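Read the structure below first, then the notes.
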2 protein chains.
Amino acid sequence: MAAHSPFLEGNQNVQRSVLPSQLKIACSNCNLRELCLPVDLSIGEMQQLELLSHAKHNYTRGSYLYRIGDKLHSLYAIHSGSFKTQFLHEDGREQVTGFQMVGEIIGLDAISTDRHNCDAVALENSEVCELPFNKLESLSRELPSLQRHLHKIMSSEIVRSQGIMLLLGSMRAEQRLAAFLLNLSQRFAARGLSPTRFQLRMSRQEIGSYLGLQLETVSRAFSHFQDDGLISVKVRSIEILSLQRLQSCLNSSP
Amino acid sequence: MAAHSPFLEGNQNVQRSVLPSQLKIACSNCNLRELCLPVDLSIGEMQQLELLSHAKHNYTRGSYLYRIGDKLHSLYAIHSGSFKTQFLHEDGREQVTGFQMVGEIIGLDAISTDRHNCDAVALENSEVCELPFNKLESLSRELPSLQRHLHKIMSSEIVRSQGIMLLLGSMRAEQRLAAFLLNLSQRFAARGLSPTRFQLRMSRQEIGSYLGLQLETVSRAFSHFQDDGLISVKVRSIEILSLQRLQSCLNSSP
DNA sequence: CATGGATTTTGACATATATCAAACCGTTGT
DNA sequence: ACAACGGTTTGATATATGTCAAAATCCATG
């Protein structure tokens, strides 16, 4: 989706040198990548922001970060690990609406109603930084660049959803899976991780739910890609052998 | 989706009485329903907000409010008429991502990249109020309730998209159409218009694109609902005969 | 009021994906 | 090491929806 700029990363101290046009920082206690990186803040402002996110919490695989109906207190910046968000259908079935990884912000769904509209579940043991939403709002009233960036994050989420609507509405199984893998690839790349070899932290079931497919169809699509030499999968480990050829899967006509 | 509260509507003058807890207003030159209604503003603040939206523009059926790639200048409050938003696929096909009607805000997709990520096309002759985004941002820095509400509007859009993901990912043709009609019904109801008799301003093709179906499938679903006595359709005119029975279509298992 | 083009409906058929079922792993715990 | 269990793969079949084609209807225009 959105192009990511290169960045520095680390867990060193708070003080950073301010680089010419783009402030490159990593928060002392949390990689607030999404929230901080493109924002052009002074060091003093950064410190204010960091004060926001003093609380870091751990979540074990399968535990809930929040549940449908929970009151909105905070947004969360994922410091390590990953989550899924899911709607719960009246009739019991669930639909995965997204997978979130390191550096992404989770919880935006709750702002409209003051209550969370989906569940967020840890896919592995994970750490999140809590960003009390009231404080975020008041700080963004003082810092126009933070305000703008908060708006951008929300708008990105809208654009992301629209991309998935496109995927669900007009792509077939293998195109969907290709799009999904390429999206993961880009997100790993943007974090300086390998864009071709990574772990799938979610089950075939969850991938299927996200892509509007049955788990068997997902499995078959994986097998097919493998037979065609596009990827090499071993259950949860995947290597993309040709990003280019995978990309060309997206442009098949019907 | 979100519950709508009752409201007053009209094109009278600016001055309004402030009701106990909820300010109920209609802007003098634009029904900024989405933007104003749930916001608890003083009359002075209201006037500031109205100053924002002095520009009202007309769009004829089929004309573009904005196009993919256009620079973000403003959000738009629909004063009359309706629009569709659509993505354009690389390979030329388009996917409708939403239909917007009176009182709704359009343009939120552009904030993330400073450029519009979809086309917005008038479905009929329509009027919009322009809300320069810079002014909206600076005003919302001064007015916390406006800020909060702007956030809510964006978040609602996120939740709306997630609802459509659910629809596209796990409902079949007739369930999708039922959900679509019920959603329209609610939105008409919230505007004080008939929830059971209204015009469909979009083609079967556009409905299909939005619902991830072919136009023939949409047409067949309409016919089927009609045969079952749930609705009465005559091309673009529809009457819902039993909201309740239509609603029960949503809960069929597979 | 008649004509022509676009939209919608209906039909027959093809196909992608769902569904059901069984076999195959990989992991966990005893 | 073995058993037990959940997740995954693979196979056979069913079905909802897509596709193609023709007829019917609507709507704009002269």
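The chains referred to below are lettered A, B, ... by the order of the sequence lines, with proteins before strands, and numbering in each begins at 1. Note that these values count all heavy atoms, side chains included, but never hydrogens, waters or copies made by symmetry. It should be emphasised that the depicted structure is a prediction, and the values quoted were computed from it without experimental measurement.
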- Note on the structure: Among dT17(C), dA16(D), dT19(D), the one nearest any side-chain atom of R172(B) is dA16(D)
- Consider the side chain of S203(A), meaning its heavy atoms from C-beta on, and name the nucleotide among dG7(D), dT10(C), dT8(C) that approaches it most closely. dG7(D)
- Length of the line joining F222(A):CZ and dG7(D):P, which is rounded to integer Å: 16 Å
- Task: Could you check how far CZ of R61(B) sits from C1' of dT7(C), rounded to whole Å?
- Result: 11 Å
- Atom CZ of R204(B) and atom P of dT19(D) are separated, to the nearest Å, by 19 Å
- Message: Can you tell me which nucleotide in dT19(D), dT19(C), dT10(C) comes closest to the side chain of Q214(A)?
- Response: dT19(C)
- Item | 5'-most by nearest nucleotide on DNA chain C - V233(B) or V235(A) | V233(B)
- Task: Kindly determine whether C249(A) and L230(A) satisfy side chain to side chain contact (heavy atoms under 4.5 Å, CB included), including the steps that lead there.
- Result: CA-CA 10 Å; C249(A) 290; L230(A) 297 181; 3.7 Å; yes
- Task: In whole angstrom, give the distance that lies between atom NE2 of H224(B) and atom P of dT10(C).
- Result: 12 Å
- Looking at every strand, decide which applies to L215(A) at a 4.0 Å heavy-atom threshold: base, sugar-phosphate, or nothing. base
- Message: Using the rule salt bridge (Lys or Arg N to Asp or Glu O under 4.0 Å), only one of R201(B), R61(B), R236(B) pairs with E124(B); which is it?
- Response: R201(B)
- What is the distance from CD of E174(A) to P of dT17(C), rounded to the nearest Å? 8 Å
- Message: Between P on dC26(D) and CD1 on I238(B), what's the gap in Å once rounded to a whole number?
- Response: 16 Å
- Query: Across the strands shown, which category fits S223(A) at heavy-atom distances under 4.0 angstrom: base, sugar-phosphate, nothing?
  - Reply: sugar-phosphate
- Message: Would you call the rings of F83(A) and Y59(A) parallel, tilted or perpendicular, taking 30° and 60° as the class edges?
- Response: perpendicular
- Query: Counting only heavy atoms not in E127(B), do more than 12 fall under 6.0 Å of its CD?
  - Reply: yes
- Item | Side-chain heavy atoms of F133(A) within contact of H73(A), under 4.5 Å | no
- Message: Measure CD/Q205(A) against P/dG6(D) and give the value in whole Å, please.
- Response: 13 Å
- Query: Between the base of dG26(C) and the side chain of R236(A), is there any donor-acceptor pair under 3.5 Å?
  - Reply: no
- Upstream residue (5' side of DNA chain C) when K234(A) and G212(A) are each assigned their closest nucleotide: G212(A)
- Task: Between dT9(D), dT9(C), dG18(D), spot the one nearest the side chain of T217(B), thanks.
- Result: dG18(D)
- How long is the line joining CD of E216(B) and P of dC13(C), in whole Å? 16 Å
